[in-house]
Q: 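One structure, pasted below without further comment.
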Amino acid sequence: MGLYFEEFYVGQKAVTEKRTITEDDIMQFAALTGDDNRIHVDHEFSKTTQFGRPIAHGVLGLSFSLGLVWKTGFLDGTVIAFREVHEWRFIKPIFIGDSIHVETEIKETKPLPRIGGGSVTIMVEVKNQNDEVCHRGRWIVLMMSKPS
């Protein structure tokens with residue numbers, strides 16, 4: 001079971017497990033979304049870019065970060081809704097073979113009695129195997145209150 005709203009506190013941190021990005025991940029994401037931009041799916045074209053090789057879709061990194069945070073368990077069964085993404089920045093590309101993980105820190109909690117819980121603001125950093133920040137931003141999630 002995940003954490004209830006009242007169990008979150010400012011400064012609370014978590015680190016996820018790692019996930020290695022594969023070429024198949026990128027190809028499946030391209031097929032699923034229809035975003036088959038050559039910078040993601042064409043090795044020869046990508047050699048001519050500033051990156052020199054294919055990069056993962058930025059939104060794929062965001063999506064995987066959601067999954068990695070989900071696997072920590074702190075949202076399981078207690079999240080009402082994923083409400084907002086703020087100031088999301090794609091700082092460094094994610095390449096095939098990169099192993100990413102997510103580091104989170106609670107920045108704000110705000111009770112919302114009308115929904116039976118509250119709002120939790122989470123600072124999120126997606127880092128690669130070299131501990132370099134690839135993505136950074138804030139999420140706001142709505143969490144349930146503890147049952148009476």
Side-chain angles (χ1 to χ4, degrees), residues 1-37 39-41 46 49-51 53-148:
M1 193 67 170
L3 299 176
Y4 290 102
F5 171 73
E6 295 80 6
E7 297 173 304
F8 287 94
Y9 58 89
V10 173
Q12 185 176 15
K13 295 181 179 183
V15 178
T16 71
E17 63 185 42
K18 293 181 180 178
R19 177 184 179 130
T20 300
I21 307 304
T22 67
E23 183 170 9
D24 191 51
D25 291 331
I26 294 170
M27 298 307 282
Q28 285 187 39
F29 192 81
L32 181 67
T33 63
D35 180 355
D36 59 359
N37 183 325
I39 200 163
H40 306 302
V41 301
S46 296
T49 71
Q50 65 188 24
F51 306 111
R53 55 191 164 143
I55 60 172
H57 303 73
V59 185
L60 174 64
L62 172 59
S63 298
F64 279 170
S65 69
L66 287 165
L68 288 167
V69 169
W70 178 259
K71 286 183 177 187
T72 66
F74 70 77
L75 300 173
D76 190 13
T78 54
V79 66
I80 297 170
F82 186 95
R83 187 168 187 192
E84 299 174 36
V85 176
H86 288 273
E87 301 168 359
W88 197 260
R89 301 199 191 278
F90 304 98
I91 297 165
K92 285 184 148 307
I94 297 173
F95 296 104
I96 296 167
D98 280 355
S99 290
I100 62 169
H101 71 279
V102 180
E103 297 180 11
T104 64
E105 182 176 356
I106 305 305
K107 290 296 190 180
E108 180 181 32
T109 61
K110 180 179 172 186
L112 299 170
R114 72 182 187 284
I115 69 163
S119 168
V120 178
T121 301
I122 308 169
M123 182 59 145
V124 178
E125 288 190 333
V126 179
K127 294 184 174 184
N128 64 19
Q129 66 279 357
N130 300 318
D131 215 32
E132 300 167 319
V133 176
C134 297
H135 298 182
R136 175 184 292 134
R138 290 182 299 127
W139 299 345
I140 298 177
V141 295
L142 301 179
M143 301 300 298
M144 294 178 190
S145 280
K146 279 185 181 181
S148 331

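Basis for what follows: all heavy atoms, side chains included, without hydrogens, waters or symmetry-related copies. Residues take their numbers from the sequence shown, with the count starting at 1.
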Q: Atom CZ of F51 and atom NE2 of H40: how far apart are they, to the nearest 0.5 Å?
A: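 With rounding to 0.5 Å, CZ (F51) is 9.5 Å from NE2 (H40).
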
Q: Taking I39's backbone N and O only, do any of them form a donor-acceptor pair with N37's side chain (distance below 3.5 Å, no angle check)?
A: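 Checking the backbone N and O of I39 against the side chain of N37, a donor-acceptor pair under 3.5 Å is found.
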
Q: Nearest heavy-atom pair of V41 and A30: which atoms, and what distance?
A: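 Minimum heavy-atom separation between V41 and A30: CG1-CB, 3.8 Å.
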
Q: Sort and list the pairs that fulfil salt bridge (charged side-chain N to carboxylate O under 4.0 Å, His left out) and have at least one residue in residues 77-91, not counting sequence neighbours.
A: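 Of all non-adjacent pairs touching residues 77-91, those that pass salt bridge (charged side-chain N to carboxylate O under 4.0 Å, His left out) are E87-R138.
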
Q: Name the atoms and distances for all side-chain donor-acceptor pairs under 3.5 Å in residues 16-24, with sequence neighbours left out.
A:
{"unit_1": "T16", "atom_1": "OG1", "unit_2": "V102", "atom_2": "N", "d": "2.8"}
{"unit_1": "R19", "atom_1": "NH2", "unit_2": "D25", "atom_2": "OD1", "d": "3.2"}
{"unit_1": "T20", "atom_1": "OG1", "unit_2": "S99", "atom_2": "OG", "d": "2.6"}
{"unit_1": "T22", "atom_1": "OG1", "unit_2": "D24", "atom_2": "N", "d": "3.4"}
{"unit_1": "T22", "atom_1": "OG1", "unit_2": "D25", "atom_2": "N", "d": "2.9"}
{"unit_1": "T22", "atom_1": "OG1", "unit_2": "D25", "atom_2": "OD1", "d": "3.4"}
{"unit_1": "T22", "atom_1": "OG1", "unit_2": "D25", "atom_2": "OD2", "d": "3.2"}
{"unit_1": "E23", "atom_1": "OE2", "unit_2": "H43", "atom_2": "NE2", "d": "2.9"}
{"unit_1": "D24", "atom_1": "OD1", "unit_2": "Q28", "atom_2": "NE2", "d": "3.4"}
{"unit_1": "D24", "atom_1": "OD2", "unit_2": "Q28", "atom_2": "NE2", "d": "2.5"}

Q: To the nearest 0.5 Å, tell me how far F29 CZ sits from D35 CG.
A: 7.5 Å

Q: If I compare all heavy atoms of P93 with all of C134, which pair ends up nearest, and what's the gap?
A: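 Distance-wise, the nearest heavy atoms are O-SG, 4.1 Å.
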
Q: Sequence neighbours excluded and cut-off under 3.5 Å, please list the side-chain donor-acceptor pairs for residues 139-148, or say none.
A:
{"unit_1": "S145", "atom_1": "OG", "unit_2": "E6", "atom_2": "OE2", "d": "2.8"}

Q: What salt bridge (charged side-chain N to carboxylate O under 4.0 Å, His left out) pairs are there with at least one residue in residues 106-115, not counting sequence neighbours?
A: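 Every salt bridge (charged side-chain N to carboxylate O under 4.0 Å, His left out) pair that includes a residue of residues 106-115, provided the two are not neighbours, is E105-K107.
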
Q: State which residues pass side-chain hydrogen bond (donor to acceptor under 3.5 Å, both in side chains) with T109; sequence neighbours excluded, sorted by chain then number.
A: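 Counting only residues at least two positions away or on another chain, T109 forms no side-chain hydrogen bond (donor to acceptor under 3.5 Å, both in side chains).
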
Q: The criterion is ring pair (Phe, Tyr, Trp, His ring centres under 6.0 Å); which residues satisfy it with H101, sequence neighbours excluded?
A: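 Applying ring pair (Phe, Tyr, Trp, His ring centres under 6.0 Å) to H101 gives none.
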
Q: Taking all non-hydrogen atoms of both residues into account, name the closest pair between F64 and I100 and its distance.
A: CB-CD1, 4.1 Å

Q: Run the side-chain contact (heavy atoms from CB on, under 4.5 Å) test against F74 and tell me which residues pass, sequence neighbours left out.
A: L3, F8, A14, V69, T72, T104, I122

Q: Could you tell me whether the side chain of I94 reaches within less than 4.5 Å of the side chain of N128, counting heavy atoms only?
A: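 Counting from C-beta outward, N128 and I94 never come under 4.5 Å.
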
Q: side-chain contact (heavy atoms from CB on, under 4.5 Å) with R136: which residues, sequence neighbours excluded?
A: I91, M123, E125, V133

Q: Name all residues meeting the side-chain hydrogen bond (donor to acceptor under 3.5 Å, both in side chains) criterion together with T33; count only those two or more places apart in sequence or in a different chain, and write none if there are none.
A: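 Partners of T33 by the side-chain hydrogen bond (donor to acceptor under 3.5 Å, both in side chains) criterion come out as none, since no residue qualifies.
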
Q: Taking the side chain as C-beta and beyond, is there a heavy-atom pair between T78 and F5 under 4.5 Å?
A: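 Side chain of T78 against side chain of F5, heavy atoms only: no contact under 4.5 Å found.
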
Q: So which pairs with a foot in residues 92-103 pass salt bridge (charged side-chain N to carboxylate O under 4.0 Å, His left out), sequence neighbours left out?
A: E103-K127

